[in-house]
Amino acid sequence: MGIQGLLPFLKNILTPSHIRNYRGCTVAIDAYCWLHKGAFACAEKLAAGEKTDMYVYYCMKYINMLLSYDIKPILVLDGCHLPSKKNVEKKRRERRELNRKKAAQLLRDGKRKEARDALVQCIDITPQMALELMNACRDKGVDCITAPYEADAQLAYLSQTGIAQVIITEDSDLILFGCHTIMFKMDTSGAGMLIQNKDLNKAMKLQDAHYTFDKFRYMCMLSGCDYHANLPGIGLSKACKAMKLTRQIDVRLILKKIPMLLNIRNLTVSAEYIEGFIRADNTFLYQLVFDPLSRKLTPLNPYPPGVKAEDMHYAGPPMSPDHAFQLALGNMDIQGNRIANFDPAPRSQSWINDTEKTPYLLSIWDPNYKPRGQVPEGEEPTRPSTKGKEVLLQAMGISKPKANEQRRKSEPPLKPIKKGWFR
DNA sequence: GTTGCATGCAGAT
DNA sequence: TGCATGCAAC
Ligand SMILES: [Mn+2]
């Protein structure tokens with residue numbers, strides 16, 4: 001459910017943009033956003049259990065648009081359920097169940113229109129539906145990766161490692177996870193609203209010297225997040241005020257001072273609240289993700305000294321490397337059943353000609369793949385200006401290059417990757 | 001002004 | 001997977 005009211009809170013730094021500004025770049029997609037919207041196009045059939053692939057076509061409409069702008073899409077899907085999110089998932093299940101019953105009653109009353117509206121609210125995206133979309137994408141040479149846990153953290157990892165220059169989502173949580181550049185509300189034409197991590201201090205109206213990304217994240221968490229409730233009566237505005245008033249950096253001390261900072265007498269911050277807050281913070285910082293290059297599980301950010309994955313089961317219980325890899329490829333469902341036999345190896349044959357100069361256009365599973373890196377200062381890139389569509393498609397193993405295509409010289413390297421440089 | 005909660009909604013004909 | 005909006009209450 002993200003952070004309630006965060007996007008309106010950030011309206012000052014949300015800028016209209018178009019995905020064509022990222023020609024030649026890689027864009028990672030929060031696939032379940034599209035899947036859920038696409039499922040509305042065929043809600044009756046899905047609810048009735050009939051076969052339909054209308055939701056696949058809905059998503060491919062976006063994919064094809066991205067390809068038409070010479071953009072390399074990476075589809076990112078949600079994986080296993082996160083212990084930290086137990087409450088939220090329970091709420092969602094109850095909501096779907098409520099709507100299922102409501103639909104049945106309305107149908108008995110003969111109110112077909114209302115019944116359909118309720119029915120629409122109880123459909124769920126199954127792993128089989130996600131697999132159908134992955135197959136359709138792979139037929140077009142589009143990379144897919146299933147996160148070990150939340151797609152949120154996986155997308156942030158792709159952003160921070162310079163694999164993806166833009167993240168496409170509808171979920172405000174992605175901002176807290178530390179993505180550099182996010183496009184919200186992108187329509188089928190490619191228009192959307194862009195937000196950049198480097199602008200967050202402006203939204204809080206804090207000077208650079210006093211701003212830290214930690215403060216921003218604490219502000220959001222104080223107003224309530226999927227992993228932890230807010231303090232009663234505290235929303236984004238008051239949380240922002242509190243974070244502006246303190247120069248403290250210790251989370252525990254900040255939390256204890258909240259009633260004083262906001263001058264709220266009958267507000268107590270229990271020890272349980274503080275410990276829950278820290279677990280939630282660790283879930284944002286250290287949730288397990290899958291690194292496609294090393295093909296291993298890794299925390300989104302490096303653990304502090306002395307901390308191990310076993311210490312943070314709530315941020316994703318560790319799983320075996322092979323399990324994580326097969327899950328990432330979409331070959332294994334979250335229960336551990338084998339559901340496909342996709343082998344990324346053959347794709348490395350698409351390593352030809354100009355892809356030596358653009359290894360970031362290869363499949364992320366290709367041994368020769370290299371991330372493109374960060375766009376300097378988070379600006380919308382103007383390079384490469386006219387790299388032909390043929391190069392991208394060719395690199396992705398789709399079409400042949402034109403015989404007399406004019407070639408640009410190799411581009412200067414972009415800013416090297418430096419994880420966490422913005423903190 | 002800010003929060004809390006209930007309600008409606010996402011596509012396509 | 002999520003957001004927007006309206007309105008009552010503090
Ligand atoms: Mn989320």
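Every chain is numbered from 1, with letters handed out A, B, ... down the list of sequences. Heavy atoms only: backbone and side chains are in, while hydrogens, waters and symmetry mates are out.
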The nucleotide from C/dC3, B/dG11, C/dG2 with an atom nearest the side chain of A/Arg92 is C/dG2
A/Lys61 vs B/dA12: side-chain N/O to OP1/OP2 distance below 4.0 Å: yes
**Request:** May I ask you to say what A/Arg96 touches in the nucleic acid, namely base, sugar-phosphate or nothing, with a heavy-atom cut-off under 4.0 Å?
**Result:** nothing
A/Ile264 CD1 to C/dC10 P, in whole Å, measures 16 Å
Under 3.5 Å, which protein N or O atoms sit close to an N or O of nucleotides 3-9 of chain B? Give each pair with its distance.
| from | atom 1 | to | atom 2 | distance (Å) |
| --- | --- | --- | --- | --- |
| B/dT3 | OP1 | A/Gly235 | N | 2.5 |
| B/dT3 | OP1 | A/Gly235 | O | 3.2 |
| B/dT3 | OP1 | A/Lys238 | N | 3.2 |
| B/dG4 | OP1 | A/Gly233 | N | 2.5 |
| B/dG4 | OP2 | A/Asn230 | ND2 | 3.1 |
| B/dC9 | N4 | A/Arg95 | NH1 | 3.0 |
| B/dC9 | N4 | A/Arg95 | NH2 | 3.1 |
| B/dC9 | N4 | A/Gln121 | OE1 | 3.4 |

| message | OP1 or OP2 of C/dT1 versus the side-chain N and O atoms of A/Lys91: is any pair under 4.0 Å? | response | no
Whole-Å distance, A/Leu46 CG to B/dG11 P, equals 15 Å
Residues pairing under salt bridge (charged side-chain N to carboxylate O under 4.0 Å, His left out) where one sits in residues 117-133 of chain A, two or more places apart or in two chains, turn out to be A/Arg96-A/Asp124, A/Lys113-A/Asp117
Margin query: So A/Thr169, base contact, sugar-phosphate only, or nothing? Heavy-atom distance under 4.0 Å.
Written below: nothing
Atom CD of A/Gln4 and atom P of B/dT2 are separated, to the nearest Å, by 17 Å
In short, ring pair (Phe, Tyr, Trp, His ring centres under 6.0 Å) pairs touching residues 238-274 of chain A with sequence neighbours left out are A/His228-A/Tyr273
Those residues at least two apart in sequence (or on a different chain) that pass side-chain contact (heavy atoms from CB on, under 4.5 Å) with A/Asn230 are none
**Message:** Under 4.0 Å, counting only non-hydrogen atoms across every strand here, what does A/Tyr58 touch: a base, just sugar-phosphate, or nothing?
**Reply:** sugar-phosphate
From CE of A/Met1 across to P of C/dG2 the rounded distance in Å is 9 Å
If you look only at distance, which donor and acceptor atoms sit under 3.5 Å apart when one is on a side chain in residues 237-247 of chain A and the other is two or more places apart or in another chain?
| from | atom 1 | to | atom 2 | distance (Å) |
| --- | --- | --- | --- | --- |
| A/Lys238 | NZ | A/Gly233 | O | 3.3 |
| A/Lys244 | NZ | A/Met204 | O | 3.3 |
| A/Thr246 | OG1 | A/Gln248 | N | 2.9 |

Atom CG of A/Asn266 and atom P of C/dC10 are separated, to the nearest Å, by 14 Å
Partner of A/Leu10 under side-chain contact (heavy atoms from CB on, under 4.5 Å), picked from A/Asp199, A/Ile3, A/Ile195, A/Leu236, is A/Ile195
Atom CG of A/Leu7 and atom P of B/dA10 are separated, to the nearest Å, by 18 Å
(request) Could you tell me whether A/Lys241 contacts a base, only the sugar-phosphate backbone, or nothing, with contacts defined as non-hydrogen atoms closer than 4.0 Å? (result) nothing
Enumerate, atom names and distances included, each donor-acceptor pair closer than 3.5 Å involving a side-chain atom of residues 36-46 of chain A, sequence neighbours excluded.
| from | atom 1 | to | atom 2 | distance (Å) |
| --- | --- | --- | --- | --- |
| A/Glu44 | OE2 | A/Arg116 | NH1 | 3.1 |

### Query
Base, sugar-phosphate, or nothing: which does A/Asp152 touch, judged by heavy atoms less than 4.0 Å apart?
sugar-phosphate
(Q) Whether A/Arg217 engages the ring of A/Phe284 as a cation-pi pair (distance to the six-membered ring centre under 6.0 angstrom, angle to the ring normal within 45°) should be assessed. (A) no
A/Asp187 atom CG is separated from B/dA10 atom C1', nearest whole Å, by 14 Å
Separation of C/dG2 atom C1' from A/Trp34 atom CH2, nearest Å, is 15 Å
